[in-house]
Amino acid sequence: MTTTATTAHQSPPAAETRSGGVGLRLGGLRRTFGTTTALDGLDLDIAPGELVALLGPSGCGKTTALRIIAGFETADAGELLMGGEDVTATPANRRDIGMVFQSYSLFPNMTAAENVAYGLRVRKAPKAERAERAAELLELVGLPGRDKHYPHQLSGGQQQRVALARALAIRPRVLLLDEPLSALDAKVRLQLREEIRRLQLELGITTVFVTHDQEEALSMADRVAVMKDGRLEQCAPPSELYERPATPFVAEFVGTMNRLPGVMGDERTVEVLGQRLPVHGDCPDAGHAVEVLLRPESLRVSAGEGGKPGAAVTADGAGPGEAATVRVATFLGGTTRLHLTTASGAEAKADLPSWEAGSLTPGSRCTLTPHDHPVLVEETA
Amino acid sequence: MAGLTVTPARRARPARRKRSYGSALVLLLAGLYFLVPVAASLWFTVDDPAKGVTLDAYAKGLGDDGMATSLGLSLRLGLATVALGLLLMVPTMVVVTLRLPKLRRVVEVLCMVPLIVPPVALVAGVSTVLSWQQDLADTPLWGTFQVLVNKNFPLVLVLVYTVMSLPFLYRSLDAGLRAVDLATLVEASRSLGASRLATLWRVVVPNLRPALVSGAVLSLAMVLGEYTVATVLGFEPFSVWMVHVGEYEAQLSVAAAMLSLLITWGLLLLLTNLAGGRARKGRKTTA
């Protein structure tokens with residue numbers, strides 16, 4: 001998986017457009033729809049100026065959480081604090097929140113400039129100020145000269161830029177992004193997500209971003225909150241989430257993960273692929289059969305026959321690895337993904353630099369060895 | 001082999017020509033069906049055996065107080081019906097679409113009832129209720145009845161016509177609401193600080209304008225041509241006046257019908273222009 005996190009030191013904040021961020025606290029939010037529990041006590045603290053991505057599978061409650069922050073849904077229980085102020089019962093139009101929607105939400109009867117100025121018009125700002133602000137925002141999102149265009153005259157990417165400008169025009173306390181890139185093609189999506197991040201950093205605005213695209217979340221967010229069944233599984237910076245997932249669900253949801261059979265050893269260690277590795281997270285008792293979670297890039301593959309299943313592991317944990325056979329080799333550019341079957345019958349995926357994988361063609365024998373990193377384990381059912 | 005080679009284009013051309021002849025024939029028949037009665041009526045109004053072609057009937061009609069009064073009444077009734085119908089139906093349809101989508105079928109069935117119930121059945125019930133006014137002479141309801149049956153502007157006709165226009169308004173608004181992502185537009189407007197009323201006025205209504213105009217035109221046309229309810233209740237809007245005049249002056253009656261046709265077309269054009277003005281302006285600019 002290739003992700004490039006955009007970091008917070010690209011350009012100085014634009015003082016005149018900077019809206020500043022406020023902290024956001026979601027405390028024990030619960031929401032049910034009939035018999036379905038969408039949110040089951042969601043707790044999340046977001047710092048001022050931070051971009052947090054809510055990530056999770058369909059039905060995990062991320063959109064419901066965003067809609068509660070926006071004021072479009074009401075929580076059955078829990079509280080929502082914005083800048084320390086309880087806004088749980090505040091109507092949507094009094095929350096000072098800017099929102100960009102998944103579907104194109106520009107008002108079809110208004111030009112781009114009128115769309116951007118709409119929030120200011122509602123606030124009864126003078127006409128000259130509205131026009132000036134609209135022009136400023138359209139320039140900020142890279143659409144100068146498009147002010148008189150109607151939504152149907154703009155491409156999908158341009159419409160979402162106008163929607164972003166419209167959301168920012170009111171200098172919102174919090175910016176909410178509800179999968180704003182999902183309707184766009186890959187190239188525009190990549191370009192726009194970088195621009196959204198650049199603007200968010202420039203303006204220093206607290207932002208909550210809902211997405212089901214993990215690459216998008218990992219590349220844009222300061223922290224990623226992974227949700228499952230209406231609860232928060234883990235909220236951490238992208239690198240921590242990827243490298244040290246707190247739960248097997250997070251480990252498998254973010255990136256690709258192998259599940260390989262292992263046996264628990266003493267002192268929080270596990271034996272897998274003829275190696276002994278340290279364990280982090282939940283740790284069953286010694287002797288228990290477990291599944292060990294290992295990323296494809298955490299496996300070393302070397303040509304030639306390796307150790308047999310159950311081969312002895314030395315006291316320092318080093319071992320001969322396990323023999324495996326390459327089933328499929330998929331060239332992905334810089335890396336090649338190998339699909340392997342180990343001597344004990346387990347299936348694994350391993351990523352290698354393509355220049356190393358040249359001799360590992362389907363059918364060739366090799367040795368599979370894990371890197372010596374802490375791993376997550378799950379007791380075999 | 002060469003003799004067996006067939007050029008597809010040559011084979012396709014006669015078929016296309018045949019289809020276009022067929023389309024032209026259908027259009028011609030439809031055109032004749034609509035235009036022949038209009039042309040015949042027009043000829044009937046301008047042909048005078050003694051004077052030849054003359055516009056006397058139109059001059060007489062335009063100078064007739066009865067026509068001006070009845071036409072004015074019909075137009076006022078039509079506008080009031082459209083206003084009341086839209087006032088009732090726009091918020092109802094918006095609420096049903098956004099909040100109570102399960103009620104959509106119920107509202108649809110209710111709105112379609114006037115298409116099934118004949119106007120004469122509807123007016124029979126109304127006239128029964130109106131006949132109670134004699135029994136209510138000493139009550140405050142007496143005044144209400146007087147307002148309802150005021151000859152200058154019979155409010156009761158507006159109420160009945162509003163019910164009769166529900167199918168047209170429902171169908172037009174339903175199509176309009178399905179054409180826009182109303183929920184997202186409303187939420188976008190609300191998130192930008194607009195109240196519900198401001199959202200309705202600045203976002204919902206402008207984006208439903210073609211649907212509103214379509215419903216308004218159909219309702220207006222229905223009111224201008226409605227005869228049964230008005231005549232049973234004893235009022236004389238334009239349609240009733242035309243029938244009365246036709247009993248003793250057929251040429252004037254048909255001339256009035258032609259004028260009403262022109263007025264309806266004029267209103268249709270005006271409202272269509274109002275509906276499409278902004279959209280056309282937008283489309284003129286190149287992307």
Side-chain angles (χ1 to χ4, degrees), chain A residues 66-67 69-73 90-112 114-125 145-155 158-159 162-163 165-172 174-176 178 183, chain B residues 86 90 94-95 97-103 172-173 175-214 271-287:
Chain A
L66 195 82
R67 290 178 62 78
I69 300 172
F72 301 143
E73 296 283 350
T90 307
N93 60 325
R94 293 198 197 137
R95 291 195 181 190
D96 274 336
I97 278 178
M99 185 154 175
V100 181
F101 296 82
Q102 180 178 5
S103 52
Y104 304 135
S105 61
L106 296 184
F107 306 128
N109 58 313
M110 297 179 198
T111 62
E114 286 167 345
N115 263 284
V116 176
Y118 180 81
L120 301 173
R121 191 175 155 205
V122 165
R123 286 165 173 73
K124 297 186 170 41
R146 304 274 173 163
D147 53 335
K148 290 190 171 59
H149 284 59
Y150 282 83
H152 71 267
Q153 296 169 320
L154 299 169
S155 68
Q158 288 172 334
Q159 286 191 48
V162 176
R166 183 178 68 177
L168 294 172
I170 57 169
R171 293 184 173 87
V174 174
L175 178 66
L176 304 178
D178 184 9
Chain B
L86 292 178
V90 173
V94 169
V95 168
T97 305
L98 293 177
R99 297 275 171 199
L100 305 161
K102 285 180 185 167
L103 283 185
S172 306
L173 286 173
L177 286 166
R178 284 178 196 273
V180 293
D181 184 355
L182 192 70
T184 304
L185 293 183
V186 168
E187 286 180 354
S189 173
R190 298 274 292 147
S191 74
L192 291 164
S195 65
R196 285 195 174 86
L197 199 63
T199 299
L200 189 71
W201 184 244
R202 287 182 174 153
V203 175
V204 177
V205 168
N207 284 298
L208 288 180
R209 197 154 58 169
L212 296 176
V213 168
S214 154
L271 291 171
T272 310
N273 269 319
L274 278 177
R278 188 77 194 253
R280 272 199 307 279
K281 198 171 123 193
R283 281 189 197 106
K284 272 182 193 166
T285 322
T286 45

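Note that the coordinates shown come from a computational prediction; the quantities given were computed from them, not determined experimentally. Chain letters run A, B, ... following the sequence lines, proteins first and then strands; every chain starts at 1.
- Chain B forms more heavy-atom pairs under 4.5 Å with one residue of A/R94, A/M99, A/R121 than with any other, namely A/R121.
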Tell me, with the steps shown, if A/N93 and B/S195 meet side chain to side chain contact (heavy atoms under 4.5 Å, CB included).
CA-CA 6 Å; A/N93 60 325; B/S195 65; 4.2 Å; yes

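- Residues A/S103 and B/D181 approach most closely at OG-OD2, 3.2 Å, considering heavy atoms.
- Here the CG atom belonging to B/L192 is positioned 11.5 Å from the CD1 atom belonging to A/I97, to the nearest 0.5 angstrom.
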Test log, rule side chain to side chain contact (heavy atoms under 4.5 Å, CB included), inputs B/V203 and A/Y118:
CA-CA 10 Å; B/V203 175; A/Y118 180 81; 3.5 Å; yes

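- The nearest pair of heavy atoms linking A/P91 to B/R190 is CB-NH2, 4.4 Å.
- In terms of heavy atoms, B/S191 sits closest to A/I170 at O-CD1, 4.1 Å.
- Here the shortest heavy-atom pairing between B/N207 and A/P108 reads OD1-CD, 3.2 Å.
- For B/A198, the part sitting under 4.5 Å from any heavy atom of chain A is the backbone (N, CA, C, O) and nothing else.
- Of all heavy-atom pairs between B/T184 and A/S105, the closest is CG2-CB, 3.4 Å.
- Distance check: B/L185 CG to A/Y104 OH gives 14.5 Å after rounding to the nearest 0.5 Å.
- Of the atoms belonging to A/L106, it is backbone heavy atoms, and not side-chain ones, that fall under 4.5 Å from chain B.
- Only the side chain of A/R67 comes within less than 4.5 Å of a heavy atom of chain B; its backbone N, CA, C and O stay farther away.
- Neither the backbone nor the side chain of A/R95 comes within contact range of chain B; no heavy atom of the residue lies under 4.5 Å from a heavy atom of that chain.
- Between A/F72 and B/E187, the shortest heavy-atom contact is CZ-O, 3.2 Å.
- Of the atoms belonging to B/R202, heavy atoms from both backbone and side chain fall under 4.5 Å from chain A.
- Using a 4.5 Å cut-off between heavy atoms, A/F101 touches chain B through its side chain atoms alone.
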